[in-house]
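What follows is a set of notes on a single structure, which appears directly below.
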Amino acid sequence: MKYTAPRGTKDILPDETSVWQGIEKTCRKLFELYNYSEIRTPVFEQTELFTRSIGQTTDIVSKEMYTFLDRKGRSLTLRPEETAPVVRAAIENNLIQKDKLTKLYYIGPMFRYERPQMGRQRQFHQAGIEVFGSDNPAIDVEGISLAMQIFNRLGISNLEVDLNSVGCNKCRPEYFIRIKSFFKDKIKSMCEDCQKRFETNPLRILDCKEPNCQKFIEKAPAIKDILCPECKTHFEKVITGLESLKIKYKVNNRLVRGLDYYTCTAFEIVSGQLGAQNAVCGGGRYDTLVEEFGGPKTAAFGFAIGLERVVEIIKSTKSNNQPSKQAPSLYVATMGDEAEKIGFELVSKARGAGISADMDYLRKSLKAQMKTADNEKAKYVLIIGDDEIKKNKAILKNMQTGGQEEIAFDEALHRLTS
RNA sequence: GUGGGCGUAGCUCAACCUGGUUAGAGCUCCAGAUUGUGGAUCUGGAGGUUGUGGGUUCAAAUCCCAUCGUCCACCCCA
């Protein structure tokens, strides 16, 4: 084969697109039900937008970005996530204003250079929201409930909400100090990655899965005990909010998100049906990012759903999901040039009348045309041959019942619309 | 970036371990049985540079190396 899709990318083929369309439709419907408006941003941005917001030492920035120079030598990067671009666009277009809540949603492709595996591709798709202008914990609750509502509507259950607070600019530095002093004498006996994390971002030590490291991590101070009063009450209010909506959650003190801009609330929604890459949704609060990007001081919250993973779950859940390909209502079978001409006009008229229709263009035998119509799941077949032309009538066959009748050419379309 | 599994017809796979005529089967597709009627059945047919490149050998789908792709896991995340 001469050309194949680049590594880590996939063609979404016709028998799959209906699943995708269904998911996208459900997302849009619910986003709009919660009063979010769609925003579409470029798929590439200035590289700095991502390095600044996500953080230099994060995996995404340090090894996963598709970065290139354009013809004028500008460094651009295919978006690895959508929060930074939306923040940029919102500031640039003055969407964020004082005393106003701005609620935006997006659906689109993201790009990260990683080794592909189950539920992980280099081009993947996310649907998500960003809310600007409120530090009210109710926003966090609304966001999480919206995500759960989407999964619910898609028929996905067995999900778990993992919740944590990563603190704010006031309490996080304090926590860093505590963590550093706690691990100071232990770090040498921990794994190589943790030793790096100790220098670059000690918070991530908590996320290490090495059994050896976990022994130490278990005894490490939990961030929830060091949170400042504001973060603490915020976190508690998010929890009571979730409880009042009867959303089940699990406080996970080790949940640390891989992007540096998060403050206070961080959450993930994980599925048991996915393999190692089990997060279907992730997000949280980022109350300082807008200001860091030169906008007004603005509290913000957002999440992103991984659509490939949703597709995986839906495929594995629905045992025999019928592809539900759209079928034409009418298939016109013709024999001979004259019949083909008449048939072509009828197909055209049918379409004009809103009836989905198709016909044979391969000059196949009638039998073969019937077979094609059957494979296409056409409801009716209109047969036109020499006999019919003479009588100025066609044969209309109902493919479900097998019954057929002679009918005038023009009459046939009326029959189908009525 | 690291480790392991796998690349054979459009699809799912067999033959590989133990090298040996013309690389098989099911499904799909095409034709016929049915001179102009789909689904079921039967008969026939088409379809392959065995991922690619090199090596070993009288002989390679089979053994070896490389490379690309894919899958799974680590890391991390959606």
Side-chain angles (χ1 to χ4, degrees), chain A residues 1-10 13 15 54 57-64 79-83 107-128 147 162 191-194 196-197 201 204 207-210 255-259 266-271 274-283 302-313 331 333-336 339 360 362 364-389 394-404:
Chain A
M1 210 170 308
K2 197 155 188 186
Y3 298 110
T4 54
R7 173 148 219 220
T9 67
K10 262 192 183 133
L13 301 172
D15 62 350
I54 297 168
T57 64
T58 60
D59 280 14
I60 292 178
V61 170
S62 64
K63 56 187 198 193
E64 294 173 4
R79 60 184 186 195
E81 59 105 34
E82 186 63 349
T83 297
I107 299 177
M110 308 293 155
F111 307 85
R112 291 183 201 172
Y113 188 93
E114 297 185 271
R115 282 282 276 268
Q117 76 182 70
M118 173 80 154
R120 182 206 273 164
Q121 288 168 222
R122 291 185 172 181
Q123 175 173 343
F124 60 101
H125 298 78
Q126 290 186 331
D162 277 23
C191 74
E192 219 176 287
D193 287 329
C194 279
K196 259 185 247 161
R197 293 181 186 118
N201 191 342
R204 277 211 205 90
D207 209 22
C208 185
K209 278 142 201 153
E210 280 294 319
L255 174 66
V256 179
R257 317 234 51 245
L259 302 92
F267 79 99
E268 273 179 16
I269 300 175
V270 298
S271 163
L274 275 177
Q277 310 305 316
N278 61 357
V280 287
C281 178
F303 72 69
I305 294 173
L307 298 185
E308 274 77 5
R309 293 179 186 179
V310 170
V311 170
E312 278 305 310
I313 295 173
Y331 193 88
T334 64
M335 284 158 286
D360 172 69
L362 301 176
K364 286 189 186 178
S365 68
L366 178 61
K367 184 185 166 79
Q369 292 186 57
M370 294 303 291
K371 205 166 182 174
T372 304
D374 189 47
N375 282 341
E376 297 280 334
K377 306 214 165 19
K379 291 190 188 73
Y380 290 91
V381 174
L382 197 66
I383 300 167
I384 305 169
D386 292 342
D387 297 348
E388 288 72 27
I389 292 170
I395 294 169
L396 184 66
K397 176 158 183 166
N398 182 323
M399 292 297 273
Q400 266 124 56
T401 64
Q404 60 183 48

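The model shown is predicted, which means the values in this text are computed figures rather than measured ones.
- Considering all non-hydrogen atoms of both residues, A:Gln369 and A:Ala333 come closest at OE1-CA, 3.0 Å.
- Applying the 3.5 Å distance criterion, the base of B:C75 shares a donor-acceptor pair with the side chain of A:Arg120.
- Proximity of A:Lys377 to the phosphate of B:G38: no side-chain N or O atom is located under 4.0 Å from OP1 or OP2.
- For A:Gln404 against B:G38, no side-chain N or O and base N or O form a donor-acceptor pair under 3.5 Å.
- Distances from the side chain of A:Gln277 to the nucleotides B:A73, B:C75, B:G36 place B:C75 closest.
- Among the atoms of the strands shown, none is found under 4.0 Å from any heavy atom of A:Gln123.
- Contacts of A:Gly128 with the nucleic acid, taken as non-hydrogen atoms under 4.0 Å apart, are absent.
- B:A33 is paired with B:U41 under the Watson-Crick or G-U wobble criterion, all donor-acceptor distances under 3.5 Å.
- Within 6.0 Å of the OH atom in A:Tyr380, the count of heavy atoms belonging to other residues, nucleotides or ligands does not exceed 12.
- Residue A:Asp59 places its side chain closer to B:C75 than to any other of B:G3, B:C75, B:A31.
- OP1 and OP2 of B:G32 both lie 4.0 Å or more from every side-chain N or O belonging to A:Lys371.
- Using a 4.0 Å heavy-atom criterion, one finds that A:Gln121 contacts the bases of the nucleic acid, with or without backbone contacts as well.
- For A:Arg309 (side chain) and A:Ala279 (main-chain N/O), a donor-acceptor pair under 3.5 Å exists by modelled atom type.
- When the P atom is compared between B:G69 and B:C58, the two are found 35 Å apart, to the nearest whole Å.
- The main-chain N or O of A:Glu64 is never found under 3.5 Å from a side-chain atom of A:Glu114 such that the two would form a donor-acceptor pair.
- Checking B:U21 for Watson-Crick or G-U wobble geometry (two distances, each under 3.5 Å) identifies no partner in any strand.
- Between atom CD1 of residue A:Ile60 and atom CD of residue A:Glu81 there is a gap of 6.5 Å, rounded to the nearest 0.5 Å.
- Residue A:Asp387 is classed as a base contact, given a heavy-atom separation below 4.0 Å to a base.
- Nucleic acid contact for A:Leu259: sugar-phosphate only, since backbone atoms but no base atoms lie under 4.0 Å from a heavy atom of the residue.
- Atom P of B:U21 sits at a distance of 11 Å from the matching atom of B:A61, rounded to the whole Å.
- Residue contacts for A:Gly283: at a heavy-atom cut-off of 4.0 Å it reaches no nucleic acid atom on any strand shown.
- Not a single donor-acceptor pair under 3.5 Å links the side chain of A:Arg120 to the backbone N or O of A:Gly8.
- When each of B:U37, B:G36, B:A31 is scored by its nearest atom to the side-chain atoms of A:Asp386, the top-ranked nucleotide is B:G36.
- Close to B:U70, at under 4.0 Å from its OP1 or OP2, lies a side-chain N or O of A:Arg7.
- Between B:G3, B:C29, B:A31, one nucleotide has an atom nearer to the side chain of A:Ser365 than all others, and that is B:A31.
- Contacts of A:Glu114 with the nucleic acid, taken as non-hydrogen atoms under 4.0 Å apart, include base atoms.
- Judged by atom type and distance alone, A:Lys367 does not reach the base of B:U37 through any side-chain donor-acceptor pair under 3.5 Å.
- Nearest to the side-chain atoms of A:Lys10 among the listed nucleotides B:C71, B:U37, B:G36 stands B:C71.
- For B:U49 and B:C68, the P atoms lie 23 Å apart once the distance is rounded to whole Å.
- The nearest pair of heavy atoms linking A:Ala373 to A:Met399 is CB-CE, 4.3 Å.
- Comparing the C1' positions of B:C30 and B:G4 gives an interatomic distance of 43 Å, to the nearest angstrom.
- Nearest nucleotide to the side chain of A:Asp374, out of B:C30, B:U2, B:G39: B:G39.
- If A:Glu308 and A:Ala378 are placed on RNA chain B by their nearest nucleotide, the residue sitting closer to the 5' end is A:Ala378.
- Residue A:Asn398 places no side-chain N or O under 4.0 Å from the OP1 or OP2 atom of B:G38.
- If you take atom C1' in B:C29 and the same atom in B:A46, they sit 8 Å apart, rounded to whole Å.
- Here A:Val256 lies in heavy-atom contact (under 4.0 Å) with sugar-phosphate atoms only.
- Looking at the side chain of A:Gln117, the nearest of the listed nucleotides B:C75, B:G36, B:C30 is B:C75.
- Contact annotation for A:Ala373: no contact, since no heavy-atom pair falls under 4.0 Å across all strands.
- Comparing the C1' positions of B:U8 and B:A15 gives an interatomic distance of 9 Å, to the nearest angstrom.
- Side chain of A:Glu308 to main chain of A:His125: a donor-acceptor pair is present (N/O by atom type, distance under 3.5 Å, no hydrogens or angles).
- Two residues, A:Leu366 and A:Pro6, neighbour RNA chain B, and the one matched to the more 5' nucleotide by heavy-atom proximity is A:Leu366.
- In this structure, the nucleotide among B:A73, B:C71, B:G36 sitting nearest to the side chain of A:Met118 is B:A73.
- For the C1' atoms, the distance from B:G19 to B:G55 is 15 Å, rounded to whole Å.
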